[in-house]
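Both ligands and their constituent atoms are indexed starting at 1 by order of listing. In this text the structure is predicted, and so the values were computed from the model without any measurement.
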Amino acid sequence: VTGPPAGRPRAGQLDAADPLAAFRDRFVLDESQIYLDGNSLGPLPRATQARIAEVVGHEWGSGLAGSWSHWIGLPGQVGDLLGEHLLGAAPGQVAVCDSTTVNLYKLACAALEARPGRSVIVTDDDNFPTDRYVLQGIAAQHGCQLRMIATDLNQGVDEDALRRSLDGHTALVCLSHVAYRSGALADMAAITQIAHDAGALVLWDLCHSVGAVPVHLDASGADLAVGCTYKYLNAGPGAPAFLYVRAGLQQRLRQPVWGWFGQRDQFAMGAGYDPAPGIGAFLTGTPQVIGTVAVQQGVELLAEAGIGKLRAKSAALTSYLIDLADDWLAPSGITVASPRDDHRRGGHVTLAHPDAGPISQALIGQNVICDYRTPDRIRLGPAPAYTRFTDVWDALDTLRQILISRSYLNQPAAHSAATY
Ligand SMILES: *Cc1c(COP(=O)(O)O)cnc(C)c1O
């Protein structure tokens, strides 16, 4: 879409032509607000509410320990479902377990150990905080070096800068596929190749891409990946994360948490740790059954919509948002801090303004739910499964009025909302 945006009727026409429009009713949504924070915590699918009630009331309530006979396979089954529909991963390579932070630790340690003689981990200085902290901790524990690539806050990781940072000492490259701040989308296949050319393994963080952009782990040659399920997958707060280990690597990697759920013949209760063959070796302890069931529902819902249609609508929503921002908000000092090329942008758009903190608060006060990001960013995530073009129009119109009236100057400067 180029040129000046049309008025609200145009947004209504886009909604009328939206093949995913009916999916909005599949979620519990408060119609008094516009929710543009599904990239932080996705809303509750109605089917999940019903399914969790059944699991709690029936499978746990009546079935008790007998229900483990079918619960125990869930991490691998839901992992395969996720792999098939959203990650481009053949069966047996994905498991749903633990948190993203813990999975990142497990896989990064395993990768480091699999590259003896190499002692450098490479990431970028704008990677998500937990990723940087976990890698700092691993580097400290293993006497390794953590090398940070200087990254543009708006454009994401630069492939030439990455290439220059790699050498024969590099064991692991760990990057986010979609940058949490700007939404910049990395070229997974190209970057994986750059890392492989240097003899390093690659670990992708997919938190902001899974369910928003098509991911092709197998076809990209990716080695390892992790991601969370409570953003675009709508599995709820603290729902278990996932991990991916390429089939060809599974036998060679040993993860550091030697729990009994990763044990071959678990219920033999053997004396020593003997890791299970396959992806099971990357499990640790008892799975979170209720959360895993929510992941299953979230994946099934997005699989029904189709990741191709979701991505097409997401690109249309975000480019529409950018057009409105250019036309209406630029005179008030707003700049677009996300890549403008649809192919380089994930599912959210970030706007920059020196007063981004109070402006975000003023927006939330007007029932447009967004989040503030340091240093001066307003993040807007129009998730395609339930966001309408009219929501984008109304949200930007609210923002336009806030900027013109300068009502945000009455907001306290500090922000307190905990959002991811
Ligand atoms: C949300 C997010 C996380 C969160 O990790 P948790 O262990 O679930 O707290 C990690 N990495 C990225 C890139 C994220 O966006």
Is it true that the side chains of R345 and T318 contain a donor and an acceptor less than 3.5 Å apart?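 There is such a pair between these side chains.
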Point-to-point distance, once rounded to the nearest 0.5 Å, from OH of Y244 to CG of L224: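 The OH atom of Y244 sits 8.5 Å away from the CG atom of L224.
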Can you tell me if NE2 on H70 sees more than 12 non-hydrogen neighbours from other groups inside 6.0 Å?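 Yes, because the 6.0 Å sphere around NE2 of H70 holds more than 12 heavy atoms from other groups.
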H196 atom NE2, over 12 foreign heavy atoms within 6.0 Å: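 Enclosed: over 12 neighbouring heavy atoms sit under 6.0 Å from NE2 of H196.
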Atom indices of ligand 1, in the order listed, that fall short of 4.0 Å to a heavy atom of [X]:
X: S99; result: 7 (O)
X: T130; result: 10 (C)
X: C207; result: 2 (C), 3 (C), 10 (C), 11 (N), 12 (C), 13 (C), 14 (C), 15 (O)
X: S176; result: 13 (C)
X: K231; result: 1 (C), 2 (C), 3 (C), 14 (C), 15 (O)
X: D205; result: 10 (C), 11 (N), 12 (C), 13 (C)

For the student: nearest non-hydrogen atoms of T387 and P382, plus distance: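 Closest approach of T387 to P382: OG1-C, 3.4 Å.
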For ligand 1, which part of D131 has a heavy atom less than 4.0 Å away: the side chain, the backbone, both, or neither?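 The part of D131 near ligand 1 is the side chain, not the backbone.
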Decide whether an N or O pair under 3.5 Å exists between H208 and ligand 1.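 By distance alone, the answer is yes.
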For ligand 1, which is the ligand I care about here, please tell me if T101 has any N or O atom under 3.5 Å from one of the ligand's N or O atoms.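 N/O-N/O distance below 3.5 Å exists for this pair.
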Please say which of V157, D131, L146 ends up in a side-chain contact (heavy atoms from CB on, under 4.5 Å) with T123.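 The side-chain contact (heavy atoms from CB on, under 4.5 Å) with T123 is passed solely by L146 among V157, D131, L146.
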I'd like to know if R24 pairs up with D18 as an ion pair, taking the criterion as any Lys NZ or Arg NE/NH1/NH2 lying under 4.0 Å from an Asp or Glu carboxylate oxygen.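 D18 and R24: not salt-bridged.
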Would you tell me which option among F128, W204, Y230, Y180 has the nearest heavy-atom contact to atom 10 (C) of ligand 1?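 The option holding the nearest heavy atom is F128.
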